[in-house]
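Below, chains carry the letters A, B, ... as their sequence lines are ordered, and counting in each starts from 1.
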There are 2 protein chains.
Amino acid sequence: MSVSLADLRGRDQALFSDGCPTRVVLDHVMGKWGVLVLLALSDGTQRWGVLRRSVAGISEKMLASTLKTLEGDGLVARTAYPEVPPRVEYALTDRGRDLMTRLIPLVEWVADNADDIVGGKA
Amino acid sequence: MSVSLADLRGRDQALFSDGCPTRVVLDHVMGKWGVLVLLALSDGTQRWGVLRRSVAGISEKMLASTLKTLEGDGLVARTAYPEVPPRVEYALTDRGRDLMTRLIPLVEWVADNADDIVGGKA
DNA sequence: CCGTATCCCAGATGATACTG
DNA sequence: CAGTATCATCTGGGATACGG
């Protein structure tokens, strides 16, 4: 395929040194829950409860943790409304939406190929 | 952005149910080392020793484990030559190369934005 | 040179209960 | 509703030593 991997190599011969920003962000985004939460938010603004149900299997702890990480990365924006009962909404930031233009094609590929891969058949 | 996320939703309202093939493959590919190893292999066929040095910080255990997983997923092909001393080469399969066409743009985005994100500045 | 086997730990994750 | 706190767990991951 020979993509512009050379561009990446230009910065770092050793595929991003241990602990460099690229690896950190990669871990946030590519982590078990990061992708799924981002995916859920690409539908648009979502409330906590909706996210929790949308991302099947996630615990409250991991949802909170994942959201906080992504918010810290400037990929997700949190908006709390001073109401009773509380209402909090999460949405992608501009940067988050930009990321999704790259992330969604990948997820689609995985979704298309996952059955073949796991099933063992090709 | 409103991408074709609807396509994905068509299969699974709950963003891929817990333990479904998509999530499994996603974890393999997106794991801490999966991306980096695949990236190293997108340069072309590589020997074990080269990979170990290329993916800075990876332990022998994780390299072996990651390669085995990716091989099991049909993304990486392993070729052992009956020589002394042993020589073993790893390369992307066709499916692996196909995956990289989606994965590399994402990694490039991350590399481009990582400094902003981690540094906190925008 | 190319791994595999073993031990061990930290952090990731899960379950549950509780608060604003 | 939207979390936080706490405790228990479990697996990823590192270090090391050894085998083919």
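Of all the heavy atoms in B/A77 and B/T93, the pair that sits closest is N-CG2, 3.8 Å.
For the pair A/R97 and A/D94, the salt-bridge criterion is met [side-chain N within less than 4.0 Å of a carboxylate O]. Using a 4.0 Å cut-off between charged nitrogen and carboxylate oxygen, B/D116 and A/R95 count as a salt-bridge pair.
The distance from atom NZ of A/K68 to atom C1' of D/dG3 is 8 Å, rounded to the nearest whole Å. Protein atom CZ of A/R47 is 8 Å distant from nucleotide atom P of D/dC1, rounded to whole Å. Nucleotide D/dG3 holds its P atom 13 Å from the OH atom of A/Y81, rounded to whole Å.
Scanning DNA chain C 5' to 3' for nucleotides with an atom closer than 4.0 angstrom to a non-hydrogen atom of chain A gives a first and last hit of C/dT13 to C/dG20.
Checked options B/T66, B/L38, B/L75, B/T69; the residue passing with B/H28 is B/T69 (criterion: side chain to side chain contact (heavy atoms under 4.5 Å, CB included)).
A/R47 places no side-chain N or O within donor-acceptor distance of the main-chain N or O of A/E89, the cut-off being under 3.5 Å. Judged by distance alone, the side chain of B/S54 and the main-chain N or O of B/L51 form no donor-acceptor pair under 3.5 Å. A donor-acceptor contact shorter than 3.5 Å is absent between the side chain of A/R78 and the backbone of A/Y90.
The phosphate of D/dC1 (OP1 or OP2) has no side-chain N or O of A/Y90 nearer than 4.0 angstrom.
B/Y81 carries B/R87 over the face of its six-membered ring, with the cationic atom under 6.0 Å from the centre and within 45° of the normal.
In terms of position along DNA chain D, the nucleotide closest to A/P85 lies nearer the 5' end than the nucleotide closest to the other residue of the pair A/A64 and A/P85.
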Heteroatom pairs (N/O) under 3.5 angstrom, protein to nucleotides 11-16 of chain D:
residue, atom, partner, partner atom, Å
D/dG13, N7, B/K61, NZ, 2.9
D/dG13, O6, B/K61, NZ, 2.6
D/dG14, OP2, B/S59, OG, 3.3
D/dG14, O6, B/K61, NZ, 2.3

